[in-house]
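What follows is a single structure, written as structure tokens, with notes after it.
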Amino acid sequence: QWMLRITAYGDRLLKDLDMLAWPDSLKEMQRNWIGRSIGAEVDFEIDVPKLPDEQDQPIVTVFTTRPDTLYGATYMVLAPEHPLVDRITSPEHKAQVDAYRQQVARKSDRDRLADSKQKTGVFTGGHAVNPANDQKIPIYIADYVMMGYGTGAIMAVPAHDQRDYDFAKAFGLPINVVVAPVSHLTSPISDLNSLIAQHAFEEEGVAVNSDEINGLPTAQAKEEMAVLLDAEGVGHRSVKFKLRDWLFSRQRYWGEPFPIVLDEKGNAFSLQDDELPLMLPEIEDFKPTGTPEPPLTKAKDWLKYERDGRSFKRETNTMPQWAGSCWYYLRYIDPTNETAFIDKAKEAYWMPVDLYVGGVEHAVLHLLYARFWHKVLFDLDHVSTPEPFQRLVNQGLILGEMEYHVFHAPDGTVVTASEARDIAEEATPDGLRLCAISTKTAQRLEGKRVSEEEIEKTANGFRLKADPNIRVDARSFKMSKSRGNVVNPDSIVAEYGADTFRLYEMYMGPLEAQKPWNTRDIVGMSRFLNSVWRNLVGGEEQTTGTSRMGSVALPEAIERQLHRTIKKVGQDIEAMSFNTAIAELIKLNNELTGLESVPQYLGETFALLLAPLAPHIAEEIWHRLGHEGSLARIPWPSYDPAKLVDTDMELPVQVNGRLRDKITVPADSDEAAVLAAAEAATNVKPWLAGKAIVKRIYVAGKLVNIVVK
RNA sequence: GCCCUCAUGGCGGAAUGGCAGACGCUACGGACUUAAAAUCCGUUGACCGAAAGGUCGUGUGGGUUCGAAUCCCACUGGGGGCACCA
């Protein structure tokens with residue numbers, strides 16, 4: 001089995017997130033996944049007889065983020081798999097301990113989770129010594145402590161950790177308060193046990209009942225305790241990660257083979273450069289063996305390897321799918337290179353990836369693994385950047401069409417959705433069904449679909465028209481075959497064309513947002529493109545060229561709109577705000593409708609602006625306008641800032657922040673002229689009459705606000 | 001339980017401190033047509049009003065500001081992630 005030591009990169013994977021232009025939510029998911037915790041490791045001596053060859057008393061090391069609560073540690077818990085369990089367990093407890101360990105081993109992770117409310121465990125019969133106060137405390141094993149995190153052992157502080165609290169209550173163990181709220185310093189709490197009457201006191205505060213750190217606030221108490229432990233040689237500051245090392249072996253045929261050979265003792269050696277790349281052997285039967293042996297063990301000839309007269313055996317595990325996705329973006333830069341995975345000059349030119357558009361489902365696996373590989377390659381000086389993906393955007397999922405459900409009780413009565421909890425999809429013989437639990441009767445409720453016509457929206461959500469007391473559940477679901485709500489793009493393309501389909505998807509809303517599909521809305525984009533064609537090319541009888549280009553001068557307002565459109569579409573595409581870019585093009589096109597003819601330069605500019613969004617029709621228009629070749633090679637149009645502005649401007653006038661009138665003034669008016677015009681406006685005057693003007697606010701080119709009293 | 005994120009018309013959304021609802025869909029009215037489709041023109045947040053105009057309005061309650069969908073605090077609801085991580 002091969003593992004990749006990703007934990008060695010935990011700190012850098014965390015820290016370097018700061019330099020990436022990624023969505024904050026996604027960075028946060030990676031931070032949580034890496035799960036860095038600062039705390040201390042503390043050694044507890046175990047109260048067992050020393051073995052003949054042991055110098056010191058054996059110890060169990062625990063990890064805690066709250067070293068300040070050491071005085072409150074009243075027992076210790078080891079993960080059932082902890083290697084010292086056998087040593088600690090006393091003969092009279094052995095049977096119980098073994099039974100519990102077997103029981104845990106049988107439990108799946110899911111069961112372990114489901115039982116998390118009810119703590120289980122057994123006493124080992126052994127004791128440890130709390131290094132703070134030299135008290136002997138009992139050692140338990142319990143499945144709420146996991147071998148995979150920290151040291152696989154904890155000091156239990158039931159007064160200040162809810163899980164320990166639950167366990168202590170269940171097993172009748174002492175609960176000692178060692179932290180009190182800060183207010184305790186000024187107005188002491190007479191009975192500290194009242195803090196923990198219901199549950200653990202997990203907040204920060206000040207240390208109490210803790211000798212040398214008494215009175216210190218939690219942050220300082222943690223520091224001080226770490227120093228004390230260090231001085232005593234029984235502990236030190238420590239950082240732990242939730243992130244685990246990465247099991248990198250698979251027992252499958254399809255996967256990259258490891259370029260590793262093993263000698264008869266099992267020592268691993270890597271292949272020489274001139275033996276790479278290592279290819280999978282061609283074999284007849286590549287199905288799994290049904291045993292732990294990987295399928296590659298069946299390739300008997302391939303397995304044998306000799307170097308310098310010594311015989312080796314090839315590694316037969318293969319790499320997981322991730323192996324490819326961790327570096328494909330590098331190989332794409334130089335895919336035919338026979339001597340290296342990438343040419344250094346090409347790598348330096350192209351990397352890092354400027355923009356990565358992908359789904360949020362890759363937030364913690366692919367995107368973390370790829371960053372890890374990249375950092376390893378960076379450290380080995382194969383790539384020039386510490387991070388592979390500079391900017392990342394998560395496109396939102398397109399959901400199925402909106403669906404409305406009412407819930408039915410088992411007896412058939414209709415139940416309002418307000419009464420339903422744990423609404424979820426369940427698989428039934430007739431496909432996926434929406435199900436819920438009644439908050440009143442705890443009965444199972446079944447959802448039945450109702451049509452849009454049967455419901456109405458009210459202030460209190462969607463209601464059934466027939467009975468407004470019934471709230472209807474409204475949501476759109478992930479498209480899935482089993483739900484039967486999948487929209488096949490092929491049929492949309494067949495009916496409306498690829499350009500319309502693309503435009504519709506972009507026009508639905510912001511790229512990052514989850515959006516419900518609505519087939520009804522597609523026709524809008526189809527009408528838009530048809531209208532563009534009519535305005536720039538002409539009627540259907542036209543088979544080549546266009547009948548719409550003419551020499552009639554463009555009205556000034558449309559000229560202005562043209563320049564605004566060039567500016568806005570450019571900016572919006574840059575910002576990946578495709579929906580608003582399309583809206584601006586629609587606006588310009590609407591202005592063209594009804595014009596006798598359109599100047600050639602406008603037609604050409606429109607085709608260029610449309611090209612990134614609806615390339616097929618844009619290219620066709622480009623050709624009809626008399627050009628050869630693709631407009632993908634034509635420079636993006638530029639706008640004239642002088643043509644963006646009107647000679648007049650319309651300004652809203654507010655009185656006390658409320659819109660009262662609009663005035664039209666020359667665009668170059670100074671503040672005094674604007675304010676004078678504003679105060680003279682017909683619908684403003686009555687609001688000023690008999691009042692004193694306190695303040696006049698003019699936001700240049702935007703609005704006027706007059707404050708009166 | 002913890003963390004993140006979102007909430008705007010009948011629907012998708014626009015506006016990130018300055019005219020709320022751009023643009024599209026739907027619906028309604030009109031033009032063209034023998035008719036339909038397509039197309040074109042208009043209306044479409046709620047309430048009051050004949051009109052001019054007014055009042056209310058961006059999940060709820062408070063705050064900051066001349067001015068808040070936008071910033072701050074609390075809450076409610078939806079979506080996502082993690083979940084006995086000591």
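Chain identifiers are assigned alphabetically (A, B, ...) following the order of the sequence lines, protein sequences preceding nucleic acid strands; residue numbering begins at 1 within each chain. We use all heavy atoms of the structure for the numbers below, so side chains are in, but hydrogens, waters and symmetry mates are not.
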Side chain of [X] only, heavy atoms from C-beta on: which candidate in [options] is closest?
X        : options             : answer
A/Leu703 : B/A86, B/C82, B/G18 : B/G18
A/Lys119 : B/A86, B/C84, B/U55 : B/C84
A/Trp687 : B/A14, B/U55, B/G12 : B/U55
A/Tyr507 : B/C84, B/C66, B/G12 : B/G12
A/Thr64  : B/A86, B/C3, B/G18  : B/A86
A/Pro652 : B/C25, B/C41, B/C19 : B/C19
A/Ile154 : B/G24, B/C23, B/A86 : B/A86
A/Arg520 : B/G18, B/C25, B/G79 : B/C25
A/Ile697 : B/G18, B/C11, B/C82 : B/G18
A/Ser25  : B/C4, B/G12, B/C40  : B/C4

Rounding to the closest angstrom, what is the interatomic distance between [N] and [M] at atom [atom1]?
N     : M     : atom1 : result
B/G24 : B/A74 : C1'   : 37 Å
B/A69 : B/U16 : C1'   : 9 Å
B/G17 : B/G67 : C1'   : 8 Å
B/G62 : B/A52 : P     : 34 Å
B/G53 : B/A38 : P     : 37 Å
B/C73 : B/C84 : P     : 31 Å
B/G77 : B/G10 : P     : 23 Å
B/C82 : B/G18 : P     : 38 Å

Polar contact flag, side-chain donor to acceptor under 3.5 angstrom, A/Thr664-A/Asp648: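 Checked: A/Thr664/A/Asp648 side chains show no N/O donor-acceptor pair below 3.5 Å.
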Look at all strands and tell whether [X] reaches a base, only sugar-phosphate, or nothing, counting heavy atoms closer than 4.0 Å.
X        : answer
A/Lys702 : sugar-phosphate
A/Asn590 : sugar-phosphate
A/Gln654 : base
A/Arg660 : sugar-phosphate
A/Arg527 : sugar-phosphate
A/Ile586 : sugar-phosphate
A/Asp24  : nothing
A/Arg534 : sugar-phosphate
A/Asn32  : sugar-phosphate

Separation of atom [atom1] in [X] from atom [atom2] in [N], rounded to whole Å:
X        : N     : atom1 : atom2 : value
A/His199 : B/C84 : NE2   : P     : 21 Å
A/Tyr504 : B/U26 : OH    : P     : 12 Å
A/Ile137 : B/A86 : CD1   : C1'   : 14 Å
A/Ile38  : B/A86 : CD1   : P     : 11 Å
A/Glu202 : B/C84 : CD    : C1'   : 12 Å
A/Phe528 : B/C40 : CZ    : C1'   : 18 Å
A/Asp164 : B/C84 : CG    : P     : 15 Å

Aromatic plane relationship, A/Phe171 with A/Tyr140 - under 30° parallel, 30 to 60° tilted, over 60° perpendicular: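 A/Tyr140 and A/Phe171: perpendicular rings.
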Parallel, tilted or perpendicular: rings of A/Tyr144 and A/Phe167 (30°, 60°):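 The rings of A/Phe167 and A/Tyr144 sit tilted, inter-plane angle from 30° to 60°.
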Watson-Crick or G-U wobble partner for [N], using a 3.5 Å limit on both distances?
N     : answer
B/G67 : none
B/U39 : B/A31
B/A7  : B/U76
B/C47 : B/G54
B/C82 : B/G1
B/A14 : none

Chi angles and distances behind the side-chain contact (heavy atoms from CB on, under 4.5 Å) call for A/Arg244, A/Tyr149: CA-CA 8 Å; A/Arg244 306 296 160 84; A/Tyr149 181 78; 3.7 Å; yes
A/Arg548 side chain to A/Asn535 backbone, donor-acceptor under 3.5 Å: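 Looks like yes, one N/O pair under 3.5 Å.
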Side-chain donor or acceptor of A/Lys515 paired with backbone N/O of A/Pro510 under 3.5 Å: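 The answer is yes, because a donor-acceptor pair under 3.5 Å joins these two groups.
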Would you please confirm or rule out a distance under 4.0 Å between OP1 or OP2 of [N] and any side-chain N or O of [X]?
X        : N     : value
A/Thr580 : B/G13 : no
A/Arg658 : B/G54 : no
A/Tyr149 : B/A86 : yes
A/Asn579 : B/G12 : no

Can you see which heavy atom on [X] is nearest to which on [Y], and at what distance?
X        : Y        : answer
A/Ala153 : A/Leu78  : CB-CD2, 3.4 Å
A/Thr151 : A/Thr61  : OG1-O, 2.6 Å
A/Ile573 : A/Pro612 : CD1-CG, 4.0 Å

Nearest-nucleotide comparison on RNA chain B, the residue closer to the 5′ end among A/Leu26 and A/Ala513: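 With A/Leu26 and A/Ala513 compared, the 5'-side residue is A/Leu26.
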Nearest-nucleotide comparison on RNA chain B, the residue closer to the 5′ end among A/Asp161 and A/Lys568: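 Result: A/Lys568.
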hbond_proxy A/Lys662 side chain to B/C19 base (donor-acceptor, 3.5 Å cutoff):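 Answer is yes: a donor-acceptor pair is held.
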Chi angles and distances behind the side-chain contact (heavy atoms from CB on, under 4.5 Å) call for A/Tyr71, A/Asn176: CA-CA 8 Å; A/Tyr71 280 89; A/Asn176 296 346; over 6 Å; no
Syn/anti state of B/G9 by chi, 90° boundary around 0: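 Syn, which is what one calls it when the glycosidic angle falls within 90° of 0.
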